[in-house]
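Contents: one structure, followed by commentary.
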2 protein chains.
Amino acid sequence: MASTIKDIARVAGVSTATVSRVLNHLGGYNEDTEKKVMAVAKALGYRKNENARSLVQKSSKTIGVIMPEVTTAFYGDIIKGIEDVAYEYGYSVILTHAGSQGSRIQESMNLMGERRVDGLIIVSVELHEPAMESLLSLDVPYILISTKTKREDAPYIKVDDERAAYTAVKYLIDHHHRTIGMAGANPEDPIAGAPRINGYIQALLDHGIKVDLNLIKAGDFSFESGKQAMQAFLEDQAKITAVFCASDEAALGIISACFERQISVPEDLTVVGYDNSKVSSMSIPPLTTVAQPLYEMGKAGCSKLMDAIIHHTSIESQVIAHELVVRQSVKKLS
Amino acid sequence: MASTIKDIARVAGVSTATVSRVLNHLGGYNEDTEKKVMAVAKALGYRKNENARSLVQKSSKTIGVIMPEVTTAFYGDIIKGIEDVAYEYGYSVILTHAGSQGSRIQESMNLMGERRVDGLIIVSVELHEPAMESLLSLDVPYILISTKTKREDAPYIKVDDERAAYTAVKYLIDHHHRTIGMAGANPEDPIAGAPRINGYIQALLDHGIKVDLNLIKAGDFSFESGKQAMQAFLEDQAKITAVFCASDEAALGIISACFERQISVPEDLTVVGYDNSKVSSMSIPPLTTVAQPLYEMGKAGCSKLMDAIIHHTSIESQVIAHELVVRQSVKKLS
DNA sequence: ACCCGTTACGTAAACGTTTACGTTCCTTAT
DNA sequence: ATAAGGAACGTAAACGTTTACGTAACGGGT
């Protein structure tokens with residue numbers, strides 16, 4: 001059904017080579033034949049077959065994106081950034097998620113290999129050693145967004161979580177809070193967990209506040225884990241005046257739990273989130289939070305990747321600036 | 001660098017045909033050669049080239065997904081549903097967004113055509129006639145999720161927005177509300193706007209409540225448009241006791257505006273949302289809302305598409321059930 | 001001894017492009 | 001007049017698979 005350049009060549013009375021040249025604007029033909037070929041192509045409803053082109057050019061003009069779960073708005077922003085620049089370069093993005101706990105990651109990589117993607121972006125998924133092997137065996141440029149690995153040379157782009165957490169906690173201290181809880185971080189997560197906890201601890205230490213490990217409630221960044229943390233604080237009868245959360249969702253969990261018990265935020269308890277996801281501006285009260293420029297991270301990551309693909313250069317890691325977005329969930333103590 | 005089946009054939013001392021047969025488990029070879037071929041393939045680090053396969057099989061084992069903007073969690077759920085079932089079938093999904101106002105939709109379709117996708121899923125984007133032409137010219141199965149077109153025969157999968165809106169408003173009426181506002185819907189949106197407004201109106205009419213058009217504040221489903229609607233209600237000094245919103249985000253906008261003016265929800269004003277997006281359970285107070293089963297819609301849509309691709313059957317449209325998720329943003333009047 | 005069927009392969013064409021190389025013809029400089 | 005060079009093509013190989021078809025070997029039934 002679909003017509004090919006052979007059909008065009010036959011009808012237009014030229015060779016396939018000429019058709020190809022015309023279609024790709026390569027020059028080496030005169031205007032008459034150009035018009036003729038173009039006309040025939042249109043008449044036949046020709047559409048090029050990218051797979052055939054990929055085969056001979058050994059480049060699929062496609063990049064792969066692997067992420068943990070597509071479900072949160074968090075990743076939506078990053079993807080949008082990626083897709084926007086890929087589109088500009090005429091590249092397509094093929095998307096896969098790595099399953100919960102990265103269970104599908106090996107298969108994902110394999111799939112990307114079979115599709116012959118020209119580059120790979122890995123978002124937020126933790127790469128264990130075998131996965132890293134697979135990744136390298138693909139032998140294409142790649143970049144990690146919002147992740148790192150043990151390998152020093154693996155290019156990444158992310159914010160400095162420890163410093164960001166430090167900033168947030170210092171902000172609380174500057175507002176005269178002295179008993180500050182932490183909620184929602186998973187200490188075993190070397191990417192988004194431990195560094196934020198360390199930043200929290202360091203900020204306290206640097207300001208002469210002694211660290212009480214009971215005030216650190218571990219979690220998995222979820223809304224639920226925030227709620228549970230608040231419950232734990234209450235059961236402990238902890239005298240906290242503020243709590244720093246490892247995610248906005250956890251912060252909303254804290255607020256939600258407070259709401260159920262008629263604890264007013266920020267009157268009775270100050271809350272700071274992390275991510276500056278869309279919800280943070282919509283919550284009651286609007287949430288003061290640490291911003292990760294997600295869209296920009298996607299954009300920057302993809303730009304770097306494109307550069308590496310096109311110019312065969314290597315990619316340099318980048319730590320991008322975080323920012324504290326001040327809204328109304330923090331009270332200044334006297 | 002990458003090895004091919006020719007390499008394997010040479011090393012293993014068989015023909016490429018046999019290698020292909022072994023690799024695809026087609027039978028017609030004895031165990032010894034199978035082991036040999038497999039061993040050589042592993043040794044050479046062979047990885048099949050999907051593009052070459054696509055070319056000869058005339059099937060890319062790929063489906064395309066087009067959506068308006070990737071950025072909201074709304075679409076994340078749908079995509080996850082899609083990707084989950086595509087993965088099961090061994091299909092990849094290639095993703096593109098249609099730009100704001102669908103500005104990029106023609107190009108997107110074209111791209112999907114060139115990639116020779118086996119099927120297409122279009123999420124939430126409104127298809128004008130030329131776009132519909134392009135879509136049909138691709139000559140592959142497709143399904144619309146959360147959209148419809150004028151064409152009766154275009155298969156879609158969505159909830160009945162009018163009935164869903166009706167349900168929500170009836171719920172308010174059953175709770176003795178009589179002066180009910182509506183916010184956030186765009187009346188010119190024939191998919192998600194007008195039907196919800198109609199459902200709202202119909203519910204009022206059916207219960208003998210006269211419709212006051214001033215109580216319908218148009219918007220674009222956003223948080224901002226919710227805030228503006230609330231502001232308008234206040235300026236009008238409208239005596240509403242409840243407001244039905246065309247989206248959760250708009251509902252949060254209403255709540256946020258109330259918060260700023262010390263109006264308590266649901267004590268002073270009842271609010272109902274639409275979507276049951278993640279935020280609805282996190283808001284203060286938790287939001288009573290109309291649920292669209294997004295993940296299921298993605299899953300069902302992709303399943304139908306797969307079926308159509310594999311069995312060459314046509315796709316039947318499906319209206320899937322909505323549900324009212326009751327939380328705490330509605331007050332029962334006496 | 002002959003035929004038939006099956007198993008286990010190999011041969012080669014085909015998929016739709018791109019592209020290195022060749023060819024023809026025309027122009028221009030020497 | 002001739003060489004040189006460029007413009008405008010055409011030829012055919014190549015990309016890495018799949019697959020229709022052919023074939024050789026073997027076993028068993030008559």
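Bear in mind the structure is a predicted one, so any value in this text is a computation, not a measurement.
- Across all strands, B:Ser20 comes closer than 4.0 Å to base atoms (heavy-atom distances).
- Residue A:Ser54 is out of contact with every strand shown, counting any heavy-atom pair closer than 4.0 Å.
- Residue-level contact check: B:Lys6 touches the bases, meaning some heavy atom is under 4.0 Å from a base atom.
- Side-chain atoms of B:Asp84 and B:Tyr295 form a donor-acceptor pair, as typed in the model, at a separation below 3.5 Å.
- With a cutoff of under 4.0 Å to any heavy atom of chain A, the contacted region of DNA chain D is bounded 5' to 3' by D:dA8 to D:dG16.
- One finds no salt bridge joining B:Asp307 and B:Lys304 here, because no Lys/Arg side-chain nitrogen approaches an Asp/Glu carboxylate oxygen to under 4.0 Å.
- For the residue pair A:Arg116 and A:Ser59, no side-chain donor N or O sits within less than 3.5 Å of a side-chain acceptor on the partner.
- Within the nucleic acid shown, A:Thr18 comes within 4.0 Å of sugar-phosphate atoms alone, with no base atom in reach, counting heavy atoms only.
- No side-chain N or O of B:Tyr156 forms a donor-acceptor pair with one of B:Gln318 less than 3.5 Å apart.
- Nucleic acid contact class of B:Asn51 (heavy atoms, under 4.0 Å, all strands): none.
- Each of B:Glu34 and B:Val56 has a nearest nucleotide on DNA chain C; the 5'-most of these lies closest to B:Glu34.
- In B:Glu129, the CD atom is crowded: over 12 heavy atoms of neighbouring residues, nucleotides or ligands sit closer than 6.0 Å.
- Side-chain contact, A:Thr147 with A:Glu126: no donor N or O sits under 3.5 Å from an acceptor N or O.
- Rounded to whole Å, the distance from CZ on B:Arg21 to C1' on C:dA8 is 8 Å.
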